[in-house]
Structures are given as structure tokens and as C-alpha cells.
Undergrad: 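So that we are looking at the same thing, I have put the structure below in C-alpha cells.
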Amino acid sequence: MEYFNSKKTAAVALLQATTLVSARSLWSTLPATYAPQSSDDTILKTTYPLGNGKLGAMPFGPPGAEKLSLNVDSLWNGGPFESSDYTGGNPSSSKADALPGIRSFIFENGSGNVTALYGSGGHYGSYRAMGNISIAIDHDKSYSGYKRTLDLSRGVYETTYTVGNVKFTTNLFCSYPAQACVFNIASTTALPKAAVKFENLLVDTSLAKASCSNGFAQLSGTTQLGPPDGMKYEARAKASDGSTTACSNDGTLTITPAKGSKSLTIVFGANTNYDQKKGNAQNNYSFKGVDPGPGVEASVSKAAQTGFKDLLAKHVSDYTGLFSTFSLNLPDPYGSAKKDTASVISQYSVDGKGDPFVEGLLFDYSRYMLITSSRDNSLPANLQGRWAEQLSPAWSADYHANINIQMNYWAADQTGLTKTQPALWNYMQDTWVPRGVETAKLLYNASGWVTHSEMNIFGHTAMKDDATWANYPASAAWMMQHVWDNFEYARDVSWLKSQGYPLIKGVAQFWLSQLQDDAFSKDGTLVVNPCNSPEHGPTTFGCAHFQQVIHQVFEAVLASGEFVSEQDTAFKNDVTSKLASLDKGLHFTTWGGIKEWKVPDSYGFDAKNTHRHLSHLVGWHPGYSISSFQGGYTNSTIQKAVAETLKSRGPGNADDANSGWEKVWRAACWARLNNTEEAYYELRYAIDMNFANNGFSMYSALSAPFQIDANFGLAGAMLSMLVVDLPQKHGETGPRKVILGPAIPATWGGGSVKGLRLRGGYSVDFEWDGNGKVNKAKLVGSGKPVKLYNVDGKVL
């Protein structure tokens, strides 16, 4: 961590002589593998992922015998497809009568429990893989010159290799416009036959069957045999026009290319009968839609009738329309672009000097993964994005809403990926709100809506029985930061009125009814009781995390008044009044850190610890209750307390977890302190400890399971090193102060950014010198008044 002080001059001299790299790719000269005989039997450390939001595909296996692990966003077991009595965990009758006693006990004793409010996790279910599709080319098994490449600038996966004297090239992409994945085979001579088959390797044949008929390879399945009927799923594959096909009894589709043809295109797609719009009382919370077969057949047939060049052109146009909205240009001082991805990641060390190419590659990879796992017709990115290889992935590959799903979208607003977020807003509106309204009434006798920590796709909004980590009712309040941020950056007033503000208002209504006079401290403030700190500590009152996110919700309500004609005067007045009395969740420990709980230190709850979560710093980053609304970014007392808290928590490798997401969260918090050394150390530490050779982030120090939040969070952390762009309080006027380059390491010297979006509508292009100091910036577009400074206070 002392490297940049002792080696700075030499590093700058080297870096200034290098070329900036903005278009990056992952590549390897070895196929992705799956080795079930190995103790590390996963393709998730070697594959490169493809997706179009709804579909996900992971290629593996040798050339000419490649397989693709196939996912579709809504393929889950559990929920109403497994139990006709499924209630989203909600009880059959109200439990709210227990609250007064719970609150009284906690105020009298400092802590208590909420067991009387527990719900059920029964039939919660899990995201799951669909199966494999194998694509075999009828050529010799011996090959040479193999290379596979994932081009992040175009969203296309390519393999090249030679068999004998014939060069083969395959291209694979999952197209959002076509709503299908496309696999093209090309060669320097006439193509041999190819064979396509779906493989049902995960469930017995009573639940899923591979077949072939009428020019389609097909996989048809259901998650269970009724009653009730399980979720139906369907996958189909078809060759492009001009070829002839034959079917085998085992479901193999054999394709004979047109005579002399040097190109063959195979199109495949999949879907389920899950319908997010049917997850409400009017539809008996069935989530049941139409048979997926006809729709899949139609989209695959349409794509198969379209020429490969047109399919590719439309895909690239759509993909680059998102990806090219932002670019981060960093140097490549060590020639890493010329080295295979596995080697540069495996050689990356926190104790070394970092590698700007690897860091830039993983930044671009993060944006690529968000585009390919979250689009407006899909579910949002889950704990594994869109890529799972199991029937029961870790943590159900669900939506944990106490950092994970939030972190998944950290980089969306600032890098122009607004179009990836309707999946998130629609998911909350369609699955969280309907059951969340019931949960609010049944558990808290409240209006508005509420969710807890773990959510599936079937509206699970209640607590879980005997699962303290899941009994966290501030998740929706935290998510409202993302709703408000989306408006701040996109300035879409129509969206705010129709969808954004109603979400925020519903959460605000819930918390207005839950705030209590602090009967323990008797300081005239309003606090939450009961509350906890996500996955940590006691059930108590006035938890810093809750107070901070509620502070932000109330500010968002009032700031919306400039754009939304709220007619409910009593509601607005209630928000204004309670915001004035709200404990804002900022208190200091006797050892100089930020308190996580309001009870005195003598209770021992706020002793130094190395817990993985930084929940009481949510208002510092990614939020702004502390850093902006309470002036923390420019307040030395608060800055010192945040720094002491981060030091006490350690680097993110404690006994409770050694995950990547906690390290990049720490990096982002250090960056907001303008502490380059610590921010860059944590970034490097995450890459070294948690990123596999294919760039996937692993949960525990390179050990499975794959958990994608660190992939997304890494980009958010790097953005925090590039800019501090904090919102103003409602009613504040005058230009906002934006800091460019608060924590840019010298290793990134001479780099630049284009298209970084700012709150209020502008975007900014800027560059920095060999020491990481921003020296040139240009505002682009129009927006609310803003002044740009570098970290030394120089006006740009």
C-alpha cells in the first residue's frame, strides 16, 4: 500500500509512454471446460457469458463439439407453480398486534426480537439452469490455432481454429432485437454437416424431454408434475434457410448445409409461461401466462429466416447503442491486451502495482454483463446475473436487497445504461408492491408497502421463519435511492410521474406510520423500532442504516415536488414534519467511528469488528444522507469517523466472509474520502482475491459460488474514484459542486473518460495527467447548473 509513494516517479514515466486502451476483449487459446471429476467442477471459471436480458448462454467444450449452458430469466421452481397456497411468505391473519409489545420491550431493554412477526419461506424456490444445447460439427477432432474471444465493444463471441487445411470460425451472440441467440459457423471450404441437440442432464425425463420435429430441435419441460401445474418451459433451435434437416429419435437435428455453402446459422431461443403482470390479487397471484411454445417457435423461425449479416448488424447496433454511451480509457503499460485473459488475471496481485488494462477490462465487462442480463422485457439481474449452471444455485440466485441487487445497478445511471433499468422498476412494481402492500398491513398495520431482505420472482415480501438475515424491512427504502437517482440522471419527468414517484410515495407512506418517539434516549427524535443492521447485530431501535435510508426517501418525496403535482397535502406535511424530527442516523462511537446502533456504547453493540457489511455507512456510499445531506463530504469530523469505521472493518476478508462485494464497497467508501491509496488497494485486493481467470467474481476468495454483485460493484467503485457527484437537499439552490478525479491512482496516469453522466442532465468528458489529477473537462448537453473542480479545488 506504500507503492505509490515510493515508486510514483518511475511509474508515471512508464505510463506516459503507453497507449490508451478503450476497446477491450476477453480471449483465450484454450476452450472453456467442465470437469465433473474435478473438485472444482464448474464452467463458471472458464466460460464467457452471452445474453440478451431474457436469455443467457455459456459456451464450453472443444471446437466442433461445443455445448452451451442455457438460461432463461424466469425459470424458477417454487411459488404458485409449486403450491396453490403460496402467499409470498405472508401470514393468513394479522400479526401486527405483537408490535406494541415488541417496541415496548426494546425501548426498555435496548434490544429484543421480532419472532412474533416471522413468516414462512416455504416454496420460496430458486433460479435454475434450463439445460445444454450441443452443436457438433462433422470434422476431425484434431485441431490447431484455437482462439476464443468475447468482444466487449460489440457483444459478440468468436472462436477460430483450423482442422487440416480448413479454417473454421464461429460467432455467437444473443440478440435483443431478435429475442434469440445466434450461432454461425463459417469455413474456408464447403461446410460439413452439423448436429444440434438439447440435453436434459439435470432432471428426469418425466419433467423434461429433448425432441426433434419439423426442422426444430426442442426441449420441453415443467418444473413439477401437478397439482398445481409446474412452470412450463420451452427451448427451440432451427437452422437458417437454405439447409436441409433430418431428425433422430434421440432429439438430434442433423443439418446439411446447402451445396457449397461456407456459412451456416443456427438460431435458438427459450421462454417459460411465467407472467410478471399476473402477480397481483386480480389474477390470484398466479404469475401464470400462456404456453411458451408458440412464442418461442415464432421468434426462432423469424430469426432463422433473416440473414446472418442482418441479424449481426441489428444486434451490434442495439448493443453498441448502449455500450458506446460511455468510455473509460486507461493505459496498458505492460502490454496486457496482447496476453490471454486468464494469464493477466491470474498474475494480478494486490501486492504488485496493479494493471490498468485489467481494471479497465473488468470495468467494461461489468457494463457488458448489465446490458446482457437486464433489458426492458426481462427480469432484473439476479445474484448470478443471467448465468447459472445448477438447479439450486447458492442463495437461490435470488434478489438479496440489503446490498446485492443494489450493487448490481451501481454503474447504470452514470454510464448511460438507463435502458437496463426498466427491468428493475417493473419487477418492483409488479412483484414487490402487490404482496408488499399485504405485508405492510399484516405485519405492521401500515399503509404503503414494504419488503424484506430476500425476494424471489413470486412476490415473496414477508419475513422468513427463524432467518434474521432475511428480516430486514428497509430493503424497499434503500431501493428508492435507485429510483430517485434514475430520475436525477435521466430527467424523465413522465417516468417519474407514472412509475418512479408512486414507488417512492408508497415506501414513504409505510415509514411515516412506523416512526416512533425515541422513548429510550428521550431526545425528541423519531426512530425506527424494531430494526436491525443487515445481517449483523441485535434487533434494537434507531439503527443508523434505517435512519439514513428513510432520510433519503423523505428527501426524495420533497424534491419530487418540483416535478410532481402531489395533491395530498396531509401526506406532504407529514413528510416535512417527520423529516425535521427524524434521527438522521449519525452518531459517533467512543473510539471515533460511526455508530451502527443508537444505544450507548456500554451495551457493547458498537465494539470494533470486521463484519462484511458496511450498513451504517450506506449514507456515505452508495447513499448520501451523511455525505451530502449532512455535509459529511466536506466535514473533517465526519470524514475521520468514516475512516476509523473503515479501518476497524478491515479489508473484507474476515471469518464471516471473504467476498468481492465487500471489498469493492470499501473501495468506493475510501474513494469518497478522496483517499486514493486505500481505494486503489481495496480495488486491487478484490481483483486478486475474488476474480476468476474468466473475470467472474467468486464469493469466497476464488472459491465457488459465482456471485455477480462484485462484477457490477467494481465498476461502481471505479466510478467513485473518478467522480463525486452528490445531490442537493430539496430546496437547495445554486450550482452543485462536482469533484472530478477524487481518487485516481498514478497508475492510471494520462487516462480519460467520455460520457460520464451527472445529476441534472449534463454529461462530462475529462482527462487527467500522469499523477492522476484532472486537468481538462468539458460539459456536454444541458442540465441544472454545476461547477466542476478537481480534487485540489481547481476550477475546471
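All heavy atoms count here, side chains included; hydrogens, waters and symmetry mates do not.
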Undergrad: Assess the residue pair F326 and F363 against the criterion (ring-ring contact (aromatic ring centres under 6.0 Å, His included)); give the C-alpha distance rounded to whole Å, side-chain angles, the decisive distance to 0.1 Å, and a yes or no.
TA: CA-CA 11 Å; F326 177 91; F363 183 96; 5.6 Å; yes
Undergrad: Would the number of heavy atoms belonging to other residues, nucleotides or ligands and lying under 6.0 Å from NZ of K288 be above 12?
TA: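 Yes, because the 6.0 Å sphere around NZ of K288 holds more than 12 heavy atoms from other groups.
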Undergrad: Centre of F60's six-membered ring, under 6.0 Å away, within 45 degrees of the axis: is that where NZ or CZ of K67 sits?
TA: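 No, K67 does not lie over the aromatic ring of F60.
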Undergrad: Set out, in order, the CA-CA distance, both residues' side-chain angles and the distance that settles side-chain contact (heavy atoms from CB on, under 4.5 Å) for F216 and L253, then state yes or no.
TA: CA-CA 7 Å; F216 288 93; L253 177 71; 6.0 Å; no
Undergrad: Among W425, W484, Y489, exactly one meets ring pair (Phe, Tyr, Trp, His ring centres under 6.0 Å) together with W495. Which residue is that?
TA: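 So, applying the ring pair (Phe, Tyr, Trp, His ring centres under 6.0 Å) to W495 and each of W425, W484, Y489, only W425 qualifies.
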Undergrad: Does the S134 side chain pair with the main chain of K197, one donor and one acceptor, at a distance under 3.5 Å?
TA: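 Flag set: sc S134 to bb K197 pair under 3.5 Å.
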Undergrad: Going by the angle between their ring planes, with limits at 30° and 60°, are F696 and F706 parallel, tilted or perpendicular?
TA: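 Because their plane-to-plane angle is under 30°, the rings of F696 and F706 count as parallel.
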Undergrad: I need the M407 CE to Q707 CD distance, nearest 0.5 Å.
TA: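 Going from CE on M407 over to CD on Q707, the span is 9.5 Å.
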Undergrad: May I ask you to decide whether E535 forms a salt bridge with R612, counting only side-chain N to carboxylate O separations under 4.0 Å?
TA: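 Looking at E535 and R612, the cut-off is met.
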Undergrad: Could you check whether any side-chain N or O of Y319 sits under 3.5 Å from a backbone N or O of L152, counting only pairs where one atom can act as donor and the other as acceptor?
TA: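 Yes; at least one donor-acceptor contact below 3.5 Å.
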Undergrad: Just by distance, do the side chain of S366 and the backbone of N711 share a donor-acceptor pair under 3.5 Å?
TA: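 Here the side-chain-to-backbone pair exists.
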Undergrad: Find the distance between CD (Q406) and NE2 (H400) and round it off to the nearest 0.5 Å.
TA: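 Rounded to the nearest 0.5 Å, the CD-NE2 separation comes out at 11.5 Å.
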Undergrad: Report yes or no: does Y176 contribute a side-chain atom to a donor-acceptor pair with the main-chain N or O of I371 at less than 3.5 Å?
TA: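 Checked: no pair found.
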Undergrad: Could you tell me whether the side chain of Y274 and the main chain of I457 form a donor-acceptor pair under 3.5 Å?
TA: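 Here the side-chain-to-backbone pair exists.
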Undergrad: Quick one, Q218 and E234 - any side-chain contact, counting heavy atoms below 4.5 Å?
TA: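 Sidechains of E234 and Q218: in contact.
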Undergrad: I need the single residue from N184, N171, T306 that forms a side-chain hydrogen bond (donor to acceptor under 3.5 Å, both in side chains) with T265. Which is it?
TA: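 Considering N184, N171, T306, a side-chain hydrogen bond (donor to acceptor under 3.5 Å, both in side chains) with T265 is found only for N184.
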Undergrad: How close do A411 and G716 get, heavy atom to heavy atom, and via which atoms?
TA: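 Between these two residues, the closest heavy atoms are CB-N, 4.4 Å.
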Undergrad: Are the side chain of D318 and the backbone of P177 linked by a donor-acceptor contact shorter than 3.5 Å?
TA: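 A pair under 3.5 Å: no.
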Undergrad: Distance-only, no hydrogens or angles: does the T149 side chain make a donor-acceptor pair with backbone N or O of D151 under 3.5 Å?
TA: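 Absent.
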Undergrad: Report yes or no: does R386 contribute a side-chain atom to a donor-acceptor pair with the main-chain N or O of S374 at less than 3.5 Å?
TA: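 Absent.
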Undergrad: Would H452 and Y472 satisfy ring-ring contact (aromatic ring centres under 6.0 Å, His included), going step by step from the backbone distance to the final call?
TA: CA-CA 5 Å; H452 292 81; Y472 157 74; 8.4 Å; no
